Visitor: 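Just dropping this structure here.
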Amino acid sequence: MKKILFFGTGEFGLKPLKALIKSSNFKIVGVVTNPDKEVGRHQKLSFSPIKKITLENNIKVFQSQKLKDNSKFLKIVRNLKPDLIVVIAYGLIIPEEILEIPKFRSINVHASLLPKFRGPSPVQFQILKGERKTGVTIMLMDKKIDHGPILKQKKVTLSPSITAGELHDKLSEFSIELLTETLNQWVEGEIKPQVQDRSEATYTKILKREDGHINWSKKKIDIERMVRAFDPWPGTFSFLNKKRLKILKVKISNHKAKKTCQNGQIVVFSDKMLVKCKDGFIEVLKLQMEGKKVVNASEFIRGYNVNGSILS
RNA sequence: CGCGGGGUAGAGCAGUAGUAGCUCGCGAGGCCCAUAACCUCGAGGUCGCCGGUGCAAAUCCGGCCCCCGCAA
């Protein structure tokens, strides 16, 4: 049984971690996850689902603000004598001196077809860019982010209506089998790592809340993709009368815009809510006014008199 | 005690002291070849809960419950 030290914080690694815990070929000797945070409306201290499942299985949890130049943590890892390190959605950069400890190296699961969409937000950016294919890559880690040699990769077709949340769950699910299969073959020496083609590399940045602010002078297809790409996080929004209006679900409209319409202007047509953008209208289907509940556009129109108002 | 908005008819909203309203939905009838369109009439609310101050409270004061935005 090979000993694995697992690094993970995000939901993405939850199911794969569960699978490794159950696996008879591997033993999780510890889980490293980000420190507990004050979270939610009342700033209550809470910890990640990864930590919860780890504690439930009586596995040691390590939480550290920083790993770089942290000799204490380095010592802990050395003492655990892991055969492998597995990193999924951890959230911090892991120093090379730690990655180099295990005999079978350190392995990362990444939600894109590397070398494309390296970086922290592959799921969102693949939808944003309108990719047709996506997938999961299992790779060896080195000093650079998402740069190491590929062990295994599996492609999936990307549905044109999927949201980031749905794709995230789908790829996470998809990772379970791929990871265990890859690890088994890797420790048996059955896989030859393939170096990434550097010339094909693209990068994603970490998304911030403000990135969800819709620019209505963009094309309708870009806005539609953005709404799906940022669902559920960071979400897309606009402002109506200085109040924040979350735009939760939209559809590309085929209605022609009059010349007098300006970008961001709301046009109520029948019981539809259309918003002017660069090359036509986006139909808003579901939205939420600050402090209010989520409503369908038809309900929203009845209560608020917004025909002709401008979203900014 | 992180900051803030809100709980009014089935739905979404307006209404800061004096007999509760709008849009939609619902019911009945009408117009029409016909209709999700239009017209007429109608049903449906103890205004989140409890207490207080007023001649009078959805509206002012206090407490409680629930929902939500920001922030993380």
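Numbered from 1 within each chain, the chains take letters A, B, ... in sequence-line order. Just so it is clear, the structure is predicted and the values come from calculations on it, not from any experiment.
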Visitor: Using the P atom on both, measure B:G21 against B:C41 and round to a whole Å.
Guide: 15 Å
Visitor: If you measure from the C1' atom in B:G30 to the same atom in B:G15, how many Å do you get, rounded?
Guide: 34 Å
Visitor: Would you mind pulling out the nucleotide paired to B:G62, Watson-Crick or G-U wobble, both distances under 3.5 Å?
Guide: B:C50
Visitor: Using whole Å, report how far CG of A:Asn296 lies from P of B:C13.
Guide: 12 Å
Visitor: For residues 305-312 of chain A, run the donor-acceptor check on the side chains, cut-off 3.5 Å, and write out each pair with its distance to 0.1 Å, sequence neighbours left out.
Guide:
from     : atom 1 : to       : atom 2 : distance (Å)
A:Asn307 : OD1    : A:Val268 : N      : 3.0
A:Ser309 : OG     : A:Val306 : O      : 3.2

Visitor: Take atom NZ of A:Lys286 and atom P of B:G12, then tell me their distance rounded to the nearest Å.
Guide: 14 Å
Visitor: Could you check how far CG of A:Asp271 sits from C1' of B:U23, rounded to whole Å?
Guide: 12 Å
Visitor: Look through every strand shown and name the nucleotide pairing with B:C38 as Watson-Crick or G-U wobble, where both distances are under 3.5 Å.
Guide: B:G30
Visitor: What distance, rounded to whole Å, do you find between the two C1' atoms, one in B:A20 and one in B:C13?
Guide: 14 Å
Visitor: Taking B:C22 as the reference, what is the distance to B:G54 when you measure between their C1' atoms (whole Å, please)?
Guide: 30 Å
Visitor: Does B:G21 adopt a syn or an anti glycosidic conformation, taking syn as a chi angle within 90° of 0?
Guide: anti
Visitor: With C1' as the reference atom in both, quote the distance from B:G12 to B:C26 in angstrom, rounded to an integer.
Guide: 16 Å
Visitor: Test of understanding: with side chain to side chain contact (heavy atoms under 4.5 Å, CB included), list the residues that count as partners of A:Gln65, not counting sequence neighbours.
Guide: A:Pro35
Visitor: Rounded to the nearest Å, what distance is computed from the CG atom of residue A:Leu287 to the C1' atom of nucleotide B:G12?
Guide: 11 Å
Visitor: Among all residues two or more places apart in sequence or in another chain, which pass the side chain to side chain contact (heavy atoms under 4.5 Å, CB included) test with A:Lys144?
Guide: A:Asp142, A:His147
Visitor: Taking CZ from A:Arg302 and C1' from B:G10, how many angstroms apart are they, rounded to a whole number?
Guide: 11 Å
Visitor: For A:Val87, enumerate each residue passing the side chain to side chain contact (heavy atoms under 4.5 Å, CB included) test, keeping only those at least two apart in sequence or located in another chain.
Guide: A:Phe7, A:Ile85, A:Tyr90, A:Ile94, A:Asn108, A:Met141
Visitor: Atom CZ of A:Phe237 and atom C1' of B:C68: how far apart are they, to the nearest Å?
Guide: 17 Å
Visitor: When you compare the protein's N or O atoms with those of nucleotides 69-72 of chain B, which come within less than 3.5 Å of each other, and at what distance?
Guide:
from  : atom 1 : to       : atom 2 : distance (Å)
B:G69 : OP2    : A:Arg41  : NH1    : 3.4
B:G69 : O4'    : A:Gly291 : N      : 3.1
B:G69 : N7     : A:Arg41  : NH1    : 2.7
B:A71 : OP2    : A:Arg209 : NE     : 2.8
B:A71 : OP2    : A:Arg209 : NH1    : 3.4
B:A71 : N1     : A:Gly40  : O      : 2.8
B:A71 : N3     : A:Gln43  : OE1    : 3.2
B:A72 : O2'    : A:Glu38  : O      : 2.7
B:A72 : N7     : A:Arg209 : NH1    : 3.2
B:A72 : N6     : A:Arg209 : NH1    : 3.1

Visitor: Starting at the 5' end of RNA chain B, which residue's closest nucleotide do you reach first, A:Lys243 or A:Tyr304?
Guide: A:Lys243
Visitor: Return the value, rounded to whole Å, for the distance between atom CE of A:Met273 and atom P of B:A11.
Guide: 21 Å
Visitor: Could you tell me the Watson-Crick or G-U partner of B:G10, where both distances fall under 3.5 Å? Say none if there is no partner.
Guide: B:C24
Visitor: Using the P atom on both, measure B:A58 against B:G52 and round to a whole Å.
Guide: 15 Å
Visitor: Expressed in whole Å, how much space separates the C1' atoms belonging to B:U19 and B:G62?
Guide: 28 Å
Visitor: Rounded to whole angstrom units, what separation is found between the CZ atom of A:Phe300 and the C1' atom of B:A11?
Guide: 14 Å
Visitor: In whole Å, what separates the P atom of B:C3 from that of B:C64?
Guide: 15 Å
Visitor: Within the 3.5 Å criterion, strictly below it, is a donor on A:Gln63 or A:Asp36 matched to an acceptor on the partner's side chain?
Guide: yes
Visitor: A:His213: which residues meet the ring-ring contact (aromatic ring centres under 6.0 Å, His included) condition with it, sequence neighbours left out?
Guide: A:Phe237, A:Phe239
Visitor: Run the salt-bridge test on A:Glu166 and A:Lys170 with the 4.0 Å N-O cut-off and return the result as yes or no.
Guide: no
Visitor: Are A:Glu173 and A:Lys15 ion-paired here, with the side-chain N under 4.0 Å from a carboxylate O?
Guide: yes
Visitor: With a 3.5 angstrom cut-off on both distances, give the Watson-Crick or G-U wobble partner of B:C1, or none if there isn't one.
Guide: none
